[in-house]
Amino acid sequence: RISEKINRRVLSGDHGMIVWWSMGTGVHVEPHSHANEQIVWMLKGKMEFRLGSEQRVCSRGDVVVIPGGTEHEAWFREDTEVIDFFAPPRDDFLLGGKPAYMSEG
């Protein structure tokens, strides 16, 4: 548990990382980018999502591929569960704590 509305579990190997997220209603993942490629798999709920200049709404079963270095942003208007895969692993996630770009509206 990294905050009142955000829970995360991290499993990391040498070349990839899987992260399970539980995001509560009102969480905003502010605009950010990282060198790691990211694959998002929606398990439940909905996510309003911006990838570069493209906007979409993602729901259960949807998958999004985010190339490394691409700015993206997300809004969670309802309780949502997501699996992220990162390659290479995110060193900052191994340190624990809440990412600075996540806010709870």
Side-chain angles (χ1 to χ4, degrees):
R1 183 176 192 97
I2 59 175
S3 76
E4 182 66 28
K5 294 185 177 185
I6 303 169
N7 290 291
R8 170 178 73 191
R9 292 183 188 158
V10 176
L11 176 63
S12 185
D14 292 334
H15 303 288
M17 170 182 279
I18 295 173
V19 182
W20 170 86
W21 296 95
S22 174
M23 301 291 208
T25 302
V27 170
H28 178 213
V29 178
E30 299 169 7
H32 69 286
S33 65
H34 38 74
N36 321 66
E37 179 180 50
Q38 179 178 357
I39 299 172
V40 180
W41 178 26
M42 297 290 298
L43 300 179
K44 80 174 210 180
K46 288 192 178 158
M47 173 179 71
E48 294 175 25
F49 185 71
R50 181 182 64 79
L51 176 61
S53 61
E54 179 187 347
Q55 296 217 202
R56 61 177 105 163
V57 176
C58 300
S59 58
R60 184 175 180 230
D62 288 341
V63 175
V64 178
V65 177
I66 305 169
T70 304
E71 186 179 85
H72 53 286
E73 176 176 21
W75 299 263
F76 298 89
R77 310 288 190 209
E78 62 185 66
D79 293 347
T80 301
E81 290 184 21
V82 175
I83 297 278
D84 281 337
F85 174 78
F86 294 97
R90 298 266 315 250
D91 291 334
D92 56 334
F93 284 7
L94 294 173
L95 298 174
K98 181 173 143 187
Y101 52 81
M102 289 187 172
S103 62
E104 301 172 57

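- Criterion: ILVMFWY side-chain heavy atoms under 4.5 Å apart, direct or through other members. Under it, I39 and I83 are part of a common hydrophobic cluster.
- Not a single donor-acceptor pair under 3.5 Å links the side chain of H34 to the backbone N or O of H32.
- The heavy-atom pair separating K5 from G26 by the smallest distance is NZ-CA, 4.5 Å.
- Residues V57 and W75 do not share a hydrophobic cluster, defined by chaining ILVMFWY side chains whose heavy atoms lie under 4.5 Å apart.
- Judged purely by atom type and a 3.5 angstrom limit, R50 uses its side chain to pair as donor or acceptor with the backbone of G52.
- In W20, the CH2 atom is crowded: over 12 heavy atoms of neighbouring residues, nucleotides or ligands sit closer than 6.0 Å.
- More than 12 non-hydrogen atoms from other residues, nucleotides or ligands lie less than 6.0 angstrom from CZ of R56.
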Practice task
For M17 and L94, run side-chain contact (heavy atoms from CB on, under 4.5 Å): C-alpha distance rounded to whole Å, both residues' side-chain angles, the deciding distance at 0.1 Å, then the answer.
Solution key: CA-CA 10 Å; M17 170 182 279; L94 294 173; 3.7 Å; yes
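- In this structure, I6 and F76 have side chains that are not in contact, with every pair of non-hydrogen atoms separated by 4.5 Å or more.
- Here the closest non-hydrogen pair linking V65 and L51 is O-CD2, 3.8 Å.
- Within 6.0 Å of atom NZ in K46, 12 or fewer heavy atoms from other residues, nucleotides or ligands are found, so the atom counts as exposed in its surroundings.
- Between the side chain of R8 and the backbone N or O of G97 there is at least one donor-acceptor pair closer than 3.5 Å.
- The hydrophobic cluster containing L43 does not contain M23, counting ILVMFWY residues as joined when their side-chain heavy atoms lie under 4.5 angstrom apart, directly or transitively.
- Across T25 and E78, no two heavy atoms sit closer than the pair OG1-CA, 3.2 Å.
- A chain of hydrophobic side-chain contacts below 4.5 Å, direct or via other Ile, Leu, Val, Met, Phe, Trp or Tyr residues, connects F49 to Y101.
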Handout entry: Test log, rule side-chain contact (heavy atoms from CB on, under 4.5 Å), inputs S59 and M42
Key = CA-CA 6 Å; S59 58; M42 297 290 298; 5.6 Å; no
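- The aromatic rings of F86 and F93 sit perpendicular to each other, their planes meeting at more than 60°, with 30° as the lower class boundary.
- Within a 6.0 Å sphere centred on CZ of R9, heavy atoms belonging to other residues, nucleotides or ligands number 12 at most.
- One finds the CZ atom of F85 at 10.5 Å from the CG atom of L11 (value rounded to the nearest 0.5 Å).
- With hydrogens and angles disregarded, no donor-acceptor distance shorter than 3.5 Å links the side chain of D79 to the backbone of G24.
- In K98, the NZ atom is crowded: over 12 heavy atoms of neighbouring residues, nucleotides or ligands sit closer than 6.0 Å.
- The cluster map of Ile, Leu, Val, Met, Phe, Trp and Tyr, joined by side-chain heavy atoms under 4.5 Å apart, puts V27 and W41 in different clusters.
- Counting only heavy atoms from C-beta outward, the side chains of I2 and P99 approach each other to under 4.5 Å.
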Problem - CA sep, side-chain torsions, deciding dist, call: V40, M47, side-chain contact (heavy atoms from CB on, under 4.5 Å) - result: CA-CA 11 Å; V40 180; M47 173 179 71; 4.1 Å; yes
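- Nearest heavy atom pair, residue S33 against residue H72, reads CA-CE1, 4.3 Å.
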